[in-house]
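Heads up: the structure comes next, in structure tokens.
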Amino acid sequence: MPELPEVETFVRGLRPLVGATIRRVEVLDPRLELSGRAVAGSVIEAVERRGKYIVFHLSGGRILMFHLRMSGRLARTCPDNEMRFVRLIVELDRGEIYFINPRRLGTVCLSSDGFPHRLGIDPFDDEFSPDCLTRIVTASRMPIKSILIDQRRLAGLGNIYAAEALWHARIDPRRPGAGLNEDEVARLREAIVDVLTRAIEHMGTTTGDTVLDYRDTGGRRGGFQAYLAVYGRQGEACPRCSEAVERIVQGGRSTYLCSRCQR
DNA sequence: GGTCCGACCTGGCAGC
DNA sequence: TGCTGCCAGGTCGGAC
């Protein structure tokens with residue numbers, strides 16, 4: 001499930017392609033709203049991450065944006081058993097980029113008018129201070145976990161890292177954001193940055209071993225799953241207090257927590 | 001305006 | 001072995 005660390009890992013794997021020319025784009029899924037001819041001949045001038053978007057800056061001032069959603073990924077090579085999930089191939093003057101999108105939830109779009117989505121602050125932005133997070137979380141009575149994964153408020157967090165950050169900050173994901181005090185918000189900010197930083201260092205989280213699970217642009221698994229405290233560990237002992245990790249459902253999504261040490 | 005919830009999508013997997 | 005139904009979750013749009 002690509003969240004900020006996985007998307008950042010993709011971007012780092014794609015940066016060597018800066019300067020490459022797009023020779024041809026083969027759109028294999030008609031549901032993707034992209035004309036291959038519109039980008040052929042463009043030069044990749046930069047690759048960056050915006051929240052969970054992978055953004056290619058092309059010559060002519062245009063940007064090509066991918067959102068991987070749940071199971072999408074960009075790869076420099078594609079194994080034979082995954083070719084049936086390739087929805088788009090970008091042929092460059094040095095190599096290819098495969099858009100592997102098994103559930104067809106991932107999207108791609110081209111813009112001539114800059115980045116078109118309204119995103120909240122990035123946790124690695126210099127302005128992401130304790131005060132900044134306080135303004136975000138105390139403005140809503142929604143459960144704090146729902147606030148953290150709302151991309152209009154905070155860009156980049158998803159189900160895995162929101163659960164992990166809340167565990168590290170010892171905060172119950174069901175509490176209303178507006179009910180958090182100054183110390184708790186400061187702890188939460190520190191936990192968010194720390195969890196994301198470590199996950200990037202480990203090239204993201206790969207929870208399973210199927211075509212749906214995350215791999216980087218070279219097909220390698222992430223390594224942060226070994227450091228998850230609660231996500232996907234229902235029934236296992238909390239690493240801090242040994243209480244069994246619980247799974248609850250919030251907004252139709254699984255949330256994992258330790259009810260004893262998250263208050 | 002804020003909040004909640006269903007739909008989208010489809011491979012994997014458990015249960016029968 | 002094959003079928004059925006549930007689960008996964010980021011985003012969007014509609015309802016309240």
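Since we're looking at a predicted model, the values are computed, not measured. The analysis underlying the following values was restricted to heavy atoms, covering all of them including side chains, and did not include hydrogens, waters or symmetry mates. Per chain, numbering begins at 1; letters A, B, ... match sequence-line order.
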Could you pull out the protein-nucleic contacts involving nucleotides 2-5 of chain B (nitrogen or oxygen on both sides, under 3.5 Å)?
residue: B/dT3; atom: OP1; partner: A/Ser140; partner atom: OG; Å: 2.9
residue: B/dT3; atom: OP1; partner: A/Arg141; partner atom: N; Å: 2.9
residue: B/dT3; atom: OP2; partner: A/Ser140; partner atom: OG; Å: 3.0
residue: B/dT3; atom: OP2; partner: A/Arg153; partner atom: NH2; Å: 3.2

Item to check | A/Phe10 and A/Tyr214 aromatic ring geometry - parallel, tilted or perpendicular at 30°/60° bounds | outcome: perpendicular
Item to check | Mutual orientation of the aromatic rings belonging to A/Phe224 and A/His202 [parallel < 30°, tilted 30-60°, perpendicular > 60°] | outcome: tilted
Does [N] have OP1 or OP2 under 4.0 Å away from a side-chain N or O of [X]?
X	N	result
A/Gln151	C/dT11	yes
A/His67	C/dG10	no
A/Tyr214	C/dA8	no
A/Ser254	C/dG9	yes

Whole-Å distance separating the [atom1] atom of [X] from the [atom2] atom of [N]:
X	N	atom1	atom2	answer
A/Arg50	C/dT11	CZ	C1'	19 Å
A/Ile149	C/dC12	CD1	C1'	14 Å
A/Arg73	C/dG9	CZ	C1'	18 Å
A/Phe66	C/dT11	CZ	P	16 Å
A/Asp213	B/dG11	CG	C1'	10 Å
A/Asn159	C/dC7	CG	C1'	13 Å
A/Leu68	C/dA8	CG	C1'	16 Å
A/Arg247	C/dG9	CZ	C1'	12 Å

Item to check | Worked verdict on A/Arg73 versus A/Glu82 for salt bridge (Lys or Arg N to Asp or Glu O under 4.0 Å) | outcome: CA-CA 11 Å; A/Arg73 60 191 183 94; A/Glu82 295 185 25; 2.3 Å; yes
Checklist entry - For residues A/Asp213 and A/Thr210, is any side-chain donor paired with an opposing acceptor at under 3.5 Å? => result yes
Checklist entry - Do A/Glu236 and A/Tyr256 meet the criterion of a side-chain donor-acceptor pair at a distance under 3.5 Å? => result no
Checklist entry - Between the main-chain N or O of A/Thr77 and the side-chain N or O of A/Glu96, is there a donor-acceptor pair closer than 3.5 Å? => result no
Item to check | Side chain A/Asp216, main chain A/Thr9, donor-acceptor under 3.5 Å | outcome: no
Next on the checklist: I'd like to check the side chain to side chain contact (heavy atoms under 4.5 Å, CB included) partners of A/Arg24; sequence neighbours left out, ordered by chain and number.
Outcome noted: A/Glu26, A/Glu91
Checklist entry - Taking only residues two or more places apart in sequence, or in another chain, which ones meet A/Arg187 in a side-chain hydrogen bond (donor to acceptor under 3.5 Å, both in side chains)? => result none
Checklist entry - Which part of the nucleic acid does A/Tyr231 contact within heavy-atom distance under 4.0 Å: base, sugar-phosphate only, or nothing? => result sugar-phosphate
Next on the checklist: Considering every strand and a 4.0 Å limit on heavy-atom distances, what is the contact class for A/Arg84: base, sugar-phosphate, or nothing?
Outcome noted: nothing
Checklist entry - Using 4.0 Å as the upper bound for N to carboxylate O, is an ion pair formed by A/Asp209 and A/Arg215? => result yes
Checklist entry - Using Watson-Crick and G-U wobble pairs with both distances under 3.5 Å, what is the 5'-to-3' dot-bracket string of DNA chain B, with [ ] for crossing pairs and | for pairs outside the strand? => result .|||||||||||||||
Review item, nucleotides 8-10 of chain B N/O atoms under 3.5 Å of protein N/O:
residue: B/dC9; atom: O3'; partner: A/Arg103; partner atom: O; Å: 3.3
residue: B/dT10; atom: OP1; partner: A/Arg31; partner atom: NH2; Å: 3.0
residue: B/dT10; atom: OP1; partner: A/Arg104; partner atom: NE; Å: 2.4
residue: B/dT10; atom: O2; partner: A/Arg103; partner atom: NE; Å: 2.8

Item to check | Residue pairs passing the salt bridge (Lys or Arg N to Asp or Glu O under 4.0 Å) test where at least one lies in residues 238-254 of chain A, sequence neighbours excluded | outcome: A/Glu243-A/Arg260
Checklist outcome for this item: Between A/Arg49 and the options A/Glu8, A/Glu6, A/Glu3, the salt bridge (Lys or Arg N to Asp or Glu O under 4.0 Å) test singles out A/Glu8
